[in-house]
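Here, residue 1 is the first one in the sequence, and each next residue gets the next number.
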Amino acid sequence: MQLHEVGLDSWCRLPVWTDPTCFHLSRKGAWRSKVEHAVVRRCKLQLPVLLQDIERCARAVDRDPASVRLIAVSKGQPVAEIRDKVLKFGHHVLAENRGQELRDKLRELPDPQLEWHFIGPIQSNKIKYLSQVHMIHTLEDASQATELARHAAKWGRAPKLLIQVHNGEVQKHGCPPAEVPALLKTTRELGLDVEGLMVMAPYDQPEAARQVFRQVADLNAKLGLRELSMGMSDDYPHAIEAGSTLIRIGSAIFL
């Protein structure tokens with residue numbers, strides 16, 4: 001094994017234990033082998049190293065590292081991988097994006113310490129699988145809020161909610177920014193707890209990602225909300241810089 005240094009950004013660097021074929025993250029944002037520069041891939045990081053880097057990124061912008069939480073996105077991963085890549089390190093915050101897969105993993109991992117988040121589109125016929133979720137990140141409209149309130153009354157509890165803000169890309173989900181205040185008001189009137197906002201930045205566009213993160217952080221502050229779910233494997237340093245409190249990372253852990 002050799003120790004390589006991987007540059008995540010001009011102000012954020014971390015050491016990663018890898019073998020000689022490890023792919024490195026260039027400052028342009030693509031993983032490139034030292035030998036095969038034409039090949040672009042992501043590099044898998046051990047969770048403690050990733051947590052260390054999140055802490056370093058927070059300190060680099062004068063933030064308290066405790067204000068940034070990592071959500072390990074376990075979608076599509078077998079339970080054995082989740083145990084090996086996440087749980088064995090004492091990390092208990094996981095996310096899924098499909099209701100049936102979440103249901104199955106709740107059965108296979110009945111640990112009460114686990115904190116499950118849902119990050120997929122909300123479908124009315126799949127809400128029934130979300131009864132044990134701590135937080136749903138993807139509220140988009142009032143009809144979804146109404147259905148969630150109806151199910152919450154049957155469950156005797158309601159998951160915490162984040163409103164997903166549309167990032168401007170046609171193919172992406174989300175509530176248009178101008179409509180977020182009205183959705184927040186409606187959802188609260190239904191008795192549901194909205195903790196903050198979530199957004200997905202444009203992929204592989206660092207400057208566009210920074211702009212989206214800043215805009216959503218500003219909206220979050222104007223609305224007096226405290227949670228911000230922003231940043232994934234490719235852009236979390238930018239999200240931390242903008243004020244994200246919840247980082248959703250899957251590929252950097254599992255792939």
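At least one side-chain heavy atom of Tyr236 sits less than 4.5 Å from a side-chain heavy atom of Leu50. Between Leu70 and His91 the shortest side-chain heavy-atom distance falls below 4.5 Å. The shortest distance between side-chain heavy atoms of Glu96 and Ser74 falls below 4.5 Å. The shortest distance between side-chain heavy atoms of Val86 and Leu94 falls below 4.5 Å. You'll find the side chain of Val216 reaches within 4.5 Å of the side chain of Met230, heavy atoms only. The closest side-chain heavy-atom distance from Val212 to Pro202 is below 4.5 Å. A 4.5 Å side-chain heavy-atom check between Arg248 and Met198 finds at least one atom pair inside the cut-off. Asp235 places none of its side-chain heavy atoms less than 4.5 Å from the side chain of Pro206.
Side chain of Asn220 to backbone of Leu225: a donor-acceptor contact under 3.5 angstrom is found. One N or O on the side chain of Gln144 and one on the backbone of Glu140 form a donor-acceptor pair closer than 3.5 Å. Side chain of Ser67 to backbone of Asp64: a donor-acceptor contact under 3.5 angstrom is found. Remark: the backbone N or O of Glu169 is paired with a side-chain donor or acceptor of His166 at under 3.5 angstrom. With Thr245 contributing its side chain and Val68 its backbone, the two residues share no donor-acceptor pair below 3.5 Å. Put simply, the side chain of Arg157 gets close to the backbone of Ser131: a donor and an acceptor are under 3.5 Å apart.
Using a cut-off of 4.0 Å between Lys/Arg side-chain N and Asp/Glu carboxylate O, Arg214 and Asp218 are scored as not salt-bridged. The existence of a salt bridge linking Lys126 and Glu147 is excluded, since no basic side-chain nitrogen approaches an acidic carboxylate oxygen closer than 4.0 Å. Salt-bridge annotation for Lys75 and Glu101: absent, with no side-chain N of the basic residue lying under 4.0 Å from a carboxylate O of the acidic one. Between Glu227 and Lys160, no side-chain nitrogen of the basic residue sits less than 4.0 Å from a carboxylate oxygen of the acidic one, so the salt-bridge criterion is not met.
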Checklist entry - Would Glu115 and His92 count as a side chain to side chain contact (heavy atoms under 4.5 Å, CB included) if you check the C-alpha gap in whole Å, the side-chain angles of each, and the deciding distance to 0.1 Å? => result CA-CA 6 Å; Glu115 179 181 306; His92 298 103; 5.8 Å; no
Checklist entry - Does the side chain to side chain contact (heavy atoms under 4.5 Å, CB included) test come out yes or no for Phe213 and Ile240, once each step is laid out? => result CA-CA 9 Å; Phe213 291 153; Ile240 292 171; over 6 Å; no
Checklist entry - Could you go step by step and tell me if Glu108 and Arg83 meet the salt bridge (charged side-chain N to carboxylate O under 4.0 Å, His left out) rule? => result CA-CA 11 Å; Glu108 293 184 78; Arg83 288 194 176 106; over 6 Å; no
Item to check | Intermediate values then yes/no, side chain to side chain contact (heavy atoms under 4.5 Å, CB included), Leu162 and Glu195 | outcome: CA-CA 6 Å; Leu162 302 179; Glu195 297 255 316; 4.1 Å; yes
Checklist entry - Going through the checks in order, is the side chain to side chain contact (heavy atoms under 4.5 Å, CB included) test met by Tyr129 and Gln100? => result CA-CA 7 Å; Tyr129 300 127; Gln100 294 99 320; 3.8 Å; yes
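In plain terms, the two heavy atoms of Pro177 and Leu219 that are nearest each other are O-CD2, 4.1 Å. What you find for Ala239 and Gly231 is that their closest heavy atoms are CB-CA, 3.5 Å. Summarising the geometry of Cys175 relative to Leu183, their closest heavy-atom pair is SG-CD2, 4.0 Å, with the distance given to 0.1 Å.
Looking at Ser233 and Ser251, their side chains do bring a donor and an acceptor atom within 3.5 Å of each other. Counted by atom type alone, Gln123 and Asn125 present zero donor-acceptor pairs between their side chains at under 3.5 Å.
Atoms CD and CG, from Gln52 and Leu47 in turn, are 11.5 Å apart once rounded to the nearest 0.5 Å. Leu148 contributes atom CG, which lies 6.5 Å from atom CH2 of Trp155 (distance to the nearest 0.5 angstrom). Separating the CG atom in Leu161 from the OG1 atom in Thr138 is a distance of 9.0 Å, to the nearest 0.5 Å. Separating the CG atom in Leu87 from the CD atom in Gln113 is a distance of 9.5 Å, to the nearest 0.5 Å.
Under the 4.5 Å side-chain contact rule for hydrophobic residues, Ile127 and Ile119 do not share a cluster.
The environment of NZ in Lys222 is sparse: at most 12 heavy-atom neighbours from other residues, nucleotides or ligands sit within 6.0 Å. In the displayed structure, Arg98 atom CZ is contacted under 6.0 Å by at most 12 heavy atoms of other residues, nucleotides or ligands. Residue Lys172 qualifies as enclosed at atom NZ: its count of foreign heavy atoms under 6.0 Å is above 12. For Gln132, the CD atom counts as loosely surrounded, since its 6.0 Å shell holds 12 or fewer non-hydrogen atoms of other residues, nucleotides or ligands.
For His117 and His137, the ring centers sit closer than 6.0 Å to each other.
Here the rule is side-chain contact (heavy atoms from CB on, under 4.5 Å) with Leu192, and of Thr187, Leu139, Ile136 only Thr187 fits it.
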